[in-house]
Amino acid sequence: MSAPTAILGAVHLDPRSEIPLYRQLYENVRVAILDGRLLAGLRMPPSRTLAKELAIGRNTVVSAYEQLIAEGYLESRVGSGTRVAAIPPDTLIETGPSEERNVAPDPRRRLSARGEAMLTVKRASPSFVKGHVLPFQHGMPSLELFPHQVWARLLARRARQPQSRLFDYQLGTGFPALREAIAEYLGAARGVICGPDNVIVTAGAQASLDLATRLVVDPGDVVWHEEPGYMGARGAFLAASARILPVPVDKEGLNPDAAPGGEKPPRLIYCTPSHQYPLGVTMSLTRRLALLQYANETGAWILEDDYDSEFRYAGRPLSSLQGLDRAGGVIYMGTMAKTLFPAIRIGYLVVPDNLIEAFQRAIRVTGQNPPAIVQAALADFMLEGHFSAHIRRMRSLYAERRILLLQELEKQLGGRIKPSAPDGGMQLPAFLPEGVSDDDVVAAADRHKVLASPVSHFYLTQRKRHALYLGFAGVPEQMIAPGVERLGLALAECGV
Ligand SMILES: Cc1ncc(COP(=O)(O)O)c(C=O)c1O
């Protein structure tokens, strides 16, 4: 006796949907099986019949059936057509149709206190609208001038190599040639004292912040954070349940003497000495020495975030804090997000000798490694000289864009806002008159298709300064003057 043929009942197909028709049919049948409307053993209508009934192409039905067969919902036997497979009840329970899942939240299934704290960090604004970078997104390098052809060639070359180390699990703290290239570069360009063993390659600065903090900070430990300071770092400290203590920044950088009293000494001091984020000041040598001395006296680690020091336009670059340290108390970090492009997701830590093994073992637990092939291609990019050539080109391009932005701000908005002209970096703060909220101006700028970030958001205490954080590095020259003009309209709307 032949098995009864399944009656599909209501099948909802929407020809205007972005979901292909075969996928919609697949989903209809899958849900009917999981619901128990189509029982095991039922024969599915022949593809030709169903296609006619639903007024769709036969191939659409065949593709849907093939997918359902591949996933085990249907079975096809020669001579007896396609039938509903006997699906083990466990699978039915686990993969019940989403619309019928119990959506009432179970109060016991909640986020951790740490998880809740992580969500308090504000989201960055989108930097692209329909594929165009908006003026004046901060932290964005120039993407249009990245040597894409060279990068594509190097990636393809590595992807073709049957070298097992690029395809297996064993990279640990990074591709050896990349760690060597980074150590050499940092020694020459940043005065960082290290060998390849001290270099830990991570999936970007954010991963470095998370890894380093969790490795040396216990829940409740005090972490000094620059006030104002980088929100990404604040997020990593919250994720480690640290007690974040905002320490004011003055014109010499983070000021240990201004740290709030009555607190335990910090376990970790986070700072951006080359180019303070977001005020742009460079930490003076006196302050660097004072900070190192304070850290040595209290046994605190210093986490030095050298995120954009490659771009310096005036004065001699000061070498890193790490290079001045003689006590092995500085953990140094940098990123390829600014020198190359953000989505590369490669950063690096340089850790003191006595932490090498701890970091080697910890990164195995956290899994913050970038893909091996990308690391290998980047090593080639550095060793073949493309990295330093690209930095040189970008440095002079960003210098021009910085000048152009400052000139336009002066010409079009002279006196209405006060831009600071930092010696380096990819962005600058422009201060608003007393009593004007940067949130209001940013909202007005958004309406005029200009991106600016409110500097007040980078403060933890109430003593906030209101300014617009304006990126210039990634903004093509021809967009700068019109961008400033639109910013002027936004300011006028806010009475500035
Ligand atoms: C202070 C600071 N550190 C680090 C980074 C880079 O982070 P990532 O490598 O995670 O993109 C940025 C980028 O905005 C930054 O401003």
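We're numbering straight along the sequence, starting at 1. For ligands, and for the atoms within them, numbers begin at 1 and follow the listed sequence.
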How far is [atom] from the closest protein heavy atom, and which atom is that?
{"atom": "atom 11 (O) of ligand 1", "value": "Arg345 NH1, 3.0 Å"}
{"atom": "atom 5 (C) of ligand 1", "value": "Tyr230 OH, 3.6 Å"}
{"atom": "atom 13 (C) of ligand 1", "value": "Lys338 NZ, 2.7 Å"}
{"atom": "atom 7 (O) of ligand 1", "value": "Ala205 CB, 3.3 Å"}
{"atom": "atom 3 (N) of ligand 1", "value": "Asp305 OD2, 2.6 Å"}

Strictly distance-based, threshold 3.5 Å: is any side-chain N or O of Glu226 a donor or acceptor partner for the main-chain N or O of Thr272?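 Yes: the side chain of Glu226 pairs with the backbone of Thr272.
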Using atom types as modelled and distance alone, determine if a side-chain donor or acceptor of Gln322 lies under 3.5 Å from a backbone N or O of Val330.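 The answer is no, because no donor-acceptor pair under 3.5 Å joins these two groups.
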Is [X] near ligand 1, meaning one of its heavy atoms is under 4.0 Å from it?
{"X": "His138", "result": "no"}
{"X": "Gly139", "result": "no"}
{"X": "Tyr270", "result": "yes"}

Proximal ligand 1 atoms for [X], defined as those under 4.0 Å from one of its heavy atoms:
{"X": "Gly204", "result": "9 (O)"}
{"X": "Ala337", "result": "9 (O), 11 (O)"}
{"X": "Gln206", "result": "10 (O)"}

Could you pull out the closest heavy-atom pair between Thr213 and Leu209, with the gap in Å?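 In this case the closest contact between Thr213 and Leu209 is OG1-O, 2.5 Å.
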Please give me the minimum heavy-atom distance between His275 and Pro422, naming the atom from each residue.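 Residues His275 and Pro422, closest heavy atoms: NE2-CB, 3.8 Å.
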Tell me whether Asp308 is salt-bridged to Lys338, with the criterion being a basic N under 4.0 Å from an acidic carboxylate O. no
Mind checking ring-ring contact (aromatic ring centres under 6.0 Å, His included) for Tyr459 and listing every partner two or more places apart, or none if nothing turns up? none
Would you compute the distance between atom CG of Leu340 and atom CZ of Phe381 and round it to the nearest 0.5 angstrom? 5.5 Å
Have a look at Asp210, Thr335, Asp306 and point out the one with the heavy atom closest to atom 9 (O) of ligand 1.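 The option holding the nearest heavy atom is Thr335.
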Could you list the residues that satisfy side-chain hydrogen bond (donor to acceptor under 3.5 Å, both in side chains) with Gln412, not counting sequence neighbours?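 With neighbours one apart ignored, the set is Glu408.
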